Each structure stands twice: as C-alpha cells, then as structure tokens.
Enquirer: 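This is the structure, below, for whatever I ask next.
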Amino acid sequence: MSHNNKRSSSSSAAATSSSSSSSSLNRLSPMKKAKSVDDVFDPVADDQRNPSLVAANLSRKKAAAPQPPKKLVIKLLKAKPTLPTNFEEETWAMLQSAIRSIFLKQRDNCNLEKLYQAVSDLCVHKMGGSLYQRIEKECEAHISAALQSLVGQSPDLLVFLSLVERCWQDLCDQMLMIRSIALYLDRTYVKQTPTLCSLWDMGLQLFRKHLSLSPEVEHKTVTGLLRMIEKERLGEAVDRTLLNHLLKMFTALGIYSESFEKAFLECTSEFYAAEGMQYLQQSDIPDYLKHVEVRLHEEHERCLLYLDGSTRKPLIASAERELLDRHIAAILDKGFMMLMDGHRTEDLQRMYSLFSRVSALESLRQALSSYIRKTGQCTVMDEEKDKDMVSSLLEFKASLDKIWEESFSKNEAFSITIKDAFEHLINLRQNRPAELIAKFLDEKLRAGNKGTSEEELEGTLDKVLVLFRFIQGKDVFEAFYKKDLAKRLLLGKSASIDAEKSMISKLKTECGSQFTNKLEGMFKDIELSKEINESFRQSSQARTKLPSGIEMSVHVLTTGYWPTYPPMDVRLPHELNVYQDIFKEFYLSKYSGRRLMWQNSLGHCVLKAEFPKGRKELAVSLFQTVVLMLFNDAERLSFQDIKESTGIEDKELRRTLQSLACAKVRVLQKLPKGRDVEDNDEFTFNDTFTAPLYRIKVNAIQMRETVEENTSTTERVFQDRQYQVDAAIVRIMKTRKVLSHTLLITELFQQLKFPIKPADLKKRIESLIDREYLERDKNNPQIYNYLA
C-alpha cells in the first residue's frame, strides 16, 4: 500500500506541472517533487543488495498465482495557482531598466535570456497590449530627445550629416536589440493584432514622426546631401558611404521621394541647364558630346552607389533633357557638317547614340538629308567639276555608306534618307549626270585602263550602278552608253569583253530586257561580223580578185541596234574602193535583199610608212589614211588641193589635218606653223619624223566627242521621248475612253520613266488632238475623248 500511495502522489505532481504550461509557475508556487515510481520501488536493485532474499522471492513467485494489473489514479490540485499581485509591474520595471540601458548605451545586470523570458511571461498572461504601449512610449521619449538634440548643432553641414548618421545608426542598433528581447511579443501579440506594426516599423514611424516635427533637422539634412552631390559633380571627392547611409535612412523612413528626390531632381535640372549652356559655347561639338556621355555615365553610377533605384529614370531623363534635348538644333548647326566632312565616324556614332536617347533621331535624319543635298549640289551644279563629277559622287556615296554602317547602326530610315537625297541631287541637272555616268563607264571599260584588276573593275561597275539607279532619265544614259559602246566595239578599244557583257547583264537586271535589247544586238553583230570576215577570206572572190598587200576587216552593223551616224563622203584610194566592191559583191550574194551603206567616219587603218630615219606603222583613222596616201605622189600640197582630192567635209578635214600636223605626233609639217588650219596653209611630208616606238597611234581628233555630237544625241533622246509620251497617252485613253486633263497628266507621270514638264505633256496632247487621236469634250474642254 505504501508503494501505491507513492505512485499516486508522483502522478499528481506531474499533472499539475503540465497544466501550468510554464516553468515560472513552479517557481512562483514551489512544490516538493516526488521521486519517480522506479526510484521508490526497484525489486531488482533490492535483490542485488540481498542474495538470500533473491532466492526466497524466486521460490515465492513460482508458488503464487498471477495478480491483476494495477491502476494509475490522477488527482487534480484543489486550488488553481495564482500570480503575485505585483507581477506585471515588477517584470516591466526589469524590462524598462534594460531598454533604458540600451538607449543610454549602458550595461544592464539582467541577462538577455531572463529578459526574453520576462516578455514571454507577460504575453502568456495576456499582458502583451500594455507591454507594447509601454515599449512604444519608452522608444518615443528617447527618439524625440535624440532628434531634438540635433537642433542647433554644428553649422558645418558635413559635421551635421555625420551627427544625423550616428543618430540613425544608433537607433537602428537599439531597435534591433529591443526587438531581439521582445521577439516573442513581435511574433505573437503583434502578429495577431492587424492594427499594430512590428517593433522595428514602430521605431521607424516614431523617427519619421519626430523628424517631421523637427523641420530644421530635415531641411538641413537634405541641404547637406544636395551640397555634397553638387561638390561631387564639380569634381571634389566626397564621402559616398555617408551619402549612402543617409539616403537609405530616407528610403527606410518612406520619405525619400517627398523630402529628397523632388529637391534633388530640381537641383539636377538647374545644374545641368547652366552647365550645358556654358559648355556648348566654350567647346566644340565632339568634346561636348563626350562630356554629355561622361555625365550620363556618372549619374548612372550615382544611382548604383547611393541613390535609390527609383531615381535612376527621372534623373537620367533630367540630365538628357538639359544637356541634349534643349540643344539639339544648336549641336546640329554647330557640329554636324564638320563631323560629316571630317568622316568622324566615332563622334557621329556617339551623336547617334545620344540623340536616340532623347528621341531626336528625326532631327539627325533631316540634318543628314540637308547635308547630302547641300554638299552634293556643289558637285553636281558646278560645270567646271563635270570631269570629276562621277568620281566625286562615288566617293561621297562610299563615305555616306561607311558612316551609315559604322555610325548610324544601319538604321533603315537613314538608308532611305541617303537614297532620296542622292536621287534629288543627281537629277538637279537634267540629263547631264546621266551622260557623265555613261562617259565614266566608257573610261573604265576602255582599253588602256591600266592598274585595275578584274575584281576592282567589277566593284567599280557595281558602285556606278548604284548611281545609275538614282537617274530619272535613264534613256539619256542609254543613248550615250550605246554611242560609247559602239566606238569601243568598232575600234577594238574594249578592255574586257567579259566586263562589257557583265555590265549589260547588270543593266538588264535593273531595267529589263527591253532596255538592253539593242546593246545585246550590238554584241551579236560583232560576233556575226567575225564569221562573215572569215567566210569572206575563204571565198573565191577574195582569193582571186583582192589586191595584194592589203588586209581589210568589215563590221556589218544592223541599223536599228547601233547609234545613228551622219553619212560622210570621201574619195577613197583605188585599192580600198576595189576591196569594198569585192566585199559588197560577196555579202549581197550571201544575203540577198539587203543594202550595205559604208560608214567612212568609223573606219580605221594601219599604214606602213617609210621615213628617212626608219620604217614605222601608223594607226590612223580612215580620213587620216586618205590624206596621208596623197603624199605618196606629191611632196607639197595646199589645203585646197587636199580638200579637192579627198572630198572630205571642210570641218572634218581641218580636224584631220590638225591631228596630223599640229598634234603630238606630227607626220606632216604645216606652213606656216600654227595651231589652227587656214585656207592658205600648205603641208609637206615630215622627213625628220622620228619616234622610239615602231607602231604609233595618231590620235584622231574627229573621234573625240564634239558639242555637235552631244547635242544630236540629246535631241535624239528627246525625239524618242516624244514617241514614248504619245504612245502612253494613246494607251491610257484607249483603256479609259474618257478622262479629265488632271487625271491623264497624273497617270502619265506614273507611267513615264523620265522627267518631263506638264507643259511638254500638254503639247503632246495637242499634237494628238490635231492628228485626231483625241478630241475635247464639247461640254467640258477639260475632258478628253478617245477617237477609235
């Protein structure tokens, strides 16, 4: 029985202890703790102490019957434990002492574990609300005093900012310590009460409240921060850590935007507005752009180092507005042309990059267009520069393409601007650029263009083709190109037949087969002529009738493919007349129904000449040949004698004699000496002629293009255009039947591929009315009717 009573007592003590849920209650209501059941009754231990007793017990167990299991009875205490009457006050007194020690940076005798347990006990006994209020009151008193102590402090802003930082840092450290002590309060009572904020946030709210009640402190802090940043912008070294801590204080307090950022952005605008105006006046544009780039980088770094992230966008925008946006026109006026002329791709790239930040690329694009038109106009409109116009335009286009790639990031809008501006300037002088481009190609494709590889020539052709695309009057180009191509093919002056065919192929790709049909026909005629000449040499007529000592090659040209050449009469030497007649007989026997017309102005010969100082071969034109062969039978001939003997037209004869007697290679001598050929001049064979080369080219002046040739080519183009206009008008009216004058003119502009004035179109309409293709409407003269 005594053993059972001990078990019951022990169980009651355990039950009471678990119901209190706190070790402090055991301390407040001390109660003697019973030993465990095993400690009270341990038969094994007793048997080990007395061996004889062990043997007796074993014999007794064997004889005794099994007993039922014993029941455990738990009895509750009769009275509930109670708190001491002064429990809350004593506990708070201990906590208050600890909090004040923290604020005063003094050592407290009570350890943190005991303080934490005290807060936990108060919360368990539903005293969290009053504890929170008491902590808040204690914190407010200290924060108020701390901020008040800053009023009237050092006039030195840097020292003052250091004091503010120390005050803030102390508060943070102190609130963290208090929160660690009252962590149980934060995690239970505060979390369960939605209207309350955490102890840390409560400390921030109190600091913000009393900072607003001390406007002098807040204003002085903001002013100090702004002064420090301004000093840094002016190049002085500042304490960035101090700036970082104080601005984080503003962010933590939730007053960064209202108290600091607004004033900061205003100061930034004022600073850069003044600096931008001053720097733009004092420096050139490349330096100014570099300065702007550096400033924007500095402001970006500032945001990374100590400013709040939310400030970056408005700060950079403010700097861009004051340094760039307000000065776009001034930057372009002062520096754009200089950068373009100097091909300063790096500076232009910087300008493009900066302008793109403030959405000013349209202004830059317009400046580029204006620059191209202005610069190109000087090249195109200056007649003295016609000789180098195409080369200059190609260089100009190449430099623009390089700038477009390296500086303007291959912006498609800028590419279109370059094309539009080039098309405008290249058509400022109607027809002339087209003619000069054809001449440039003739120069490049002509034999004797030394120092150029096939790859370089192909590259040049591609570049010229770019200019060709901009030409509106492509028919003018075609006319001059065809005329020059004819000379190259007939005189054997083409540098490369492959290059010629490559150019034709490029033109065909650009303008279609109709554009190159005649040009391709010219090549077919040349190839066919080679076959005809080979066939002629093997014919019976050639073997039996040709005079000895003469070789002749004939080009048979189809009239429609080749340029129109004015017929020029000349009395050929007997040997050449015989050769022509024999070839004509052969050709007409092979191709019946055709008519041959000899173009004497296109002929060229190689003469063997016996000079006293040696034999030479002279490469001359047919007219030069006719004149020189007269001197086989005469020593001296007058101008009139030569004119009567050759039958060459007066101007052509004068040019021919000029090339033989007044040029660099003087096969004849003119008496009296002079540059021009007069009616009374006489000519003799030059016995003293000498030259280092065996074969000598006597430049034929008549092969050089004259003003008359240019004019006739241009007139033929205009004549062809009239036919094209007439055909377009009839084609449109045939489809529409009835059309107003305005609509007809509009459609013609869309269909015609060359520039033409409305007045010229009106003349063609009147011509068609006279020829009864159209008629004016009887009721409205502005409407045309088609006549079938």
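Residue numbers start at 1 and run along the sequence shown. Just so you know, these numbers come straight off a predicted model, no measurement behind them.
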Enquirer: Give a yes or no answer on whether the side chain of Thr223 reaches the backbone of His219 with a donor-acceptor pair at less than 3.5 Å.
Expert: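 A pair under 3.5 Å: yes.
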Enquirer: Measure the CG-OG distance between Leu112 and Ser180 for me, rounded to the nearest 0.5 Å.
Expert: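 Reported value, rounded in 0.5 Å steps: 6.0 Å.
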Enquirer: Show, in sequence, the C-alpha distance, side-chain angles and deciding distance for Ser369 and Thr417, and conclude whether the side-chain hydrogen bond (donor to acceptor under 3.5 Å, both in side chains) test is met.
Expert: CA-CA 6 Å; Ser369 176; Thr417 298; over 6 Å; no
Enquirer: Apply the test side-chain hydrogen bond (donor to acceptor under 3.5 Å, both in side chains) to residues Glu423 and Asn427: give CA-CA distance (whole Å), side-chain angles for both, the deciding distance (0.1 Å), then the verdict.
Expert: CA-CA 6 Å; Glu423 184 174 356; Asn427 291 292; 4.9 Å; no
Enquirer: Quick one: does Thr268's side chain have a donor or acceptor within less than 3.5 Å of a partner on Phe264's backbone?
Expert: yes
Enquirer: Only counting residues at least two apart or in another chain, list the ones meeting salt bridge (Lys or Arg N to Asp or Glu O under 4.0 Å) with Lys220.
Expert: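 Not a single residue meets the salt bridge (Lys or Arg N to Asp or Glu O under 4.0 Å) criterion with Lys220.
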Enquirer: Any donor-acceptor pair under 3.5 Å linking the side chain of Ser162 with the backbone of Leu158?
Expert: yes
Enquirer: Please report the C-alpha distance between Glu140 and Arg134 in whole Å, then the side-chain angles of each, then the deciding distance to 0.1 Å, and finally whether the salt bridge (Lys or Arg N to Asp or Glu O under 4.0 Å) criterion is met.
Expert: CA-CA 10 Å; Glu140 184 169 10; Arg134 286 175 170 180; over 6 Å; no
Enquirer: Apply side-chain hydrogen bond (donor to acceptor under 3.5 Å, both in side chains) to the pair Glu218 and Ser212, showing each step before the final yes or no.
Expert: CA-CA 7 Å; Glu218 184 178 349; Ser212 65; over 6 Å; no
Enquirer: Nearest 0.5 Å, please: how far is CH2 in Trp404 from NZ in Lys419?
Expert: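 Lys419 atom NZ to Trp404 atom CH2 measures 7.5 Å (nearest 0.5 Å).
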Enquirer: Please round to the nearest 0.5 Å and tell me the distance separating atom CG of Leu131 and atom CD of Gln96.
Expert: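 Here the interatomic distance stands at 11.0 Å.
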Enquirer: Counting C-beta onward and ignoring hydrogens, is there a side-chain heavy-atom pair between Arg100 and Glu138 closer than 4.5 Å?
Expert: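 A side-chain contact under 4.5 Å exists here.
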Enquirer: Got a sec, which residues hit salt bridge (Lys or Arg N to Asp or Glu O under 4.0 Å) with Arg295, two or more places apart in sequence or on another chain?
Expert: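 Per chain and number, Arg295 pairs via salt bridge (Lys or Arg N to Asp or Glu O under 4.0 Å) with Glu275, Glu298.
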Enquirer: Describe, in one word, how the ring planes of His125 and Phe87 are oriented to each other, choosing from parallel (under 30°), tilted (30 to 60°) and perpendicular (over 60°).
Expert: perpendicular
Enquirer: CZ of Arg312: more than 12 outside heavy atoms within 6.0 angstrom?
Expert: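 No, not enclosed.
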Enquirer: Who are the salt bridge (Lys or Arg N to Asp or Glu O under 4.0 Å) partners of Glu293, not counting sequence neighbours?
Expert: Arg350
Enquirer: Please tabulate, for the side chains in residues 182-191, all donor-acceptor contacts under 3.5 angstrom to protein atoms that are two or more places apart in sequence or on a different chain.
Expert:
from	atom 1	to	atom 2	distance (Å)
Asp186	OD1	Leu199	N	3.2
Asp186	OD2	Arg179	NE	3.2
Thr188	OG1	Tyr184	O	2.5

Enquirer: Got a second to check how far Glu258's CD is from Leu253's CG, nearest 0.5 Å?
Expert: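 So the gap between those two atoms works out to 12.0 Å.
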Enquirer: Short question: side chain of Ser144, backbone of Ala141 - any donor-acceptor pair under 3.5 Å?
Expert: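 Here the side-chain-to-backbone pair does not exist.
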Enquirer: Tell me whether Lys474 contacts the main-chain N or O of Ile471 through its side chain, where contact means a donor paired with an acceptor under 3.5 Å.
Expert: yes
Enquirer: Aromatic rings Tyr371 and Phe336: how do their planes relate, parallel, tilted or perpendicular, breaks at 30° and 60°?
Expert: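 Ring orientation of Tyr371 relative to Phe336: perpendicular.
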Enquirer: Ignoring hydrogens and angles, tell me if any N or O in the side chain of Thr311 forms a donor-acceptor pair with the backbone of Leu307 under 3.5 Å.
Expert: no
Enquirer: Would you say Cys303 and Glu299 make side-chain contact, with heavy atoms under 4.5 Å?
Expert: no
Enquirer: List the steps, then state whether side-chain hydrogen bond (donor to acceptor under 3.5 Å, both in side chains) holds for Ser310 with Asp308.
Expert: CA-CA 5 Å; Ser310 62; Asp308 188 72; 2.6 Å; yes
Enquirer: How close do Ile181 and Tyr116 get, heavy atom to heavy atom, and via which atoms?
Expert: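 In terms of heavy atoms, the two residues are closest at O-CD1, 3.6 Å.
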Enquirer: Considering residues, nucleotides and ligands other than Gln366, do more than 12 of their heavy atoms fall under 6.0 Å from its CD?
Expert: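 It does: Gln366 CD has more than 12 such atoms within range.
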Enquirer: Is the backbone N or O of Asn411 less than 3.5 Å from a side-chain atom of Ser415, with the two atoms forming a donor-acceptor pair by type?
Expert: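 Not at all, since once roles are kept as given, no pair shorter than 3.5 Å links the two residues.
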Enquirer: Taking the side chain from Ser407 and the backbone from Thr345, do they hold a donor-acceptor pair closer than 3.5 Å?
Expert: yes
Enquirer: List the atom of Met228, the atom of Val238, and the distance in Å for their closest heavy-atom pair.
Expert: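 Met228 and Val238 have their closest heavy atoms at O-CG1, 3.5 Å.
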Enquirer: For Arg233, is there an ion pair with Glu230 - N to carboxylate O distance below 4.0 angstrom?
Expert: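 Answer for the salt bridge query: no.
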Enquirer: Counting N and O atoms only, with roles assigned by atom type, does the side chain of Asp287 sit under 3.5 Å from a partner on the main chain of Ser283, one being a donor and the other an acceptor?
Expert: no
Enquirer: Find the distance between CZ (Phe271) and OG (Ser318) and round it off to the nearest 0.5 Å.
Expert: 11.5 Å
Enquirer: Checking ring pair (Phe, Tyr, Trp, His ring centres under 6.0 Å) between Phe477 and each of Phe468, Phe440, Phe470, which is the one that passes?
Expert: Phe468
Enquirer: More than 12 heavy atoms of other residues, nucleotides or ligands under 6.0 Å from NZ of Lys506: is that the case?
Expert: yes
Enquirer: Specify whether Tyr256 and Phe260 have parallel, tilted or perpendicular ring planes, treating 30° as the upper limit for parallel and 60° as the lower limit for perpendicular.
Expert: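 Taking Phe260 first and then Tyr256, their aromatic rings sit tilted (interplane angle of 30° to 60°).
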Enquirer: Kindly state each residue pair satisfying side-chain hydrogen bond (donor to acceptor under 3.5 Å, both in side chains) with at least one member in residues 168-177, sequence neighbours excluded.
Expert: Lys105-Asp170, His142-Gln174, Arg166-Asp170
Enquirer: Taking NE2 in His210 as the centre, count heavy atoms belonging to other residues, nucleotides or ligands within less than 6.0 Å. Is the count above 12?
Expert: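 Atom NE2 in His210 is crowded, with more than 12 foreign heavy atoms closer than 6.0 Å.
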Enquirer: Can a salt bridge be assigned to the pair Arg373 and Asp420 using a cut-off of 4.0 Å between side-chain N and carboxylate O?
Expert: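 A salt bridge is absent here (no side-chain N lies under 4.0 Å from a carboxylate O).
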Enquirer: At their closest point, which heavy atom of Met175 faces which heavy atom of Gly203, and how far apart are they?
Expert: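 Reported closest heavy-atom pair: CE-CA, 3.8 Å.
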Enquirer: Between Ser198 and Asp201 (side chain of the first, backbone of the second, donor and acceptor by atom type, cut-off under 3.5 Å), is there such a pair?
Expert: yes
Enquirer: Answer yes or no: is there a side-chain heavy-atom contact under 4.5 Å between Glu266 and Glu261?
Expert: no
Enquirer: Drop me the distance from Leu457's CG to Ser502's OG, to the nearest 0.5 angstrom.
Expert: 8.0 Å
Enquirer: Taking salt bridge (Lys or Arg N to Asp or Glu O under 4.0 Å) as the definition, give me every residue that meets it alongside Arg326, ordered by chain and number, with sequence neighbours left out.
Expert: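 So Arg326 forms a salt bridge (Lys or Arg N to Asp or Glu O under 4.0 Å) with Glu322.
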Enquirer: Are any of the side-chain nitrogens in Arg302 or Glu232 under 4.0 Å away from the carboxylate oxygens of its partner?
Expert: yes
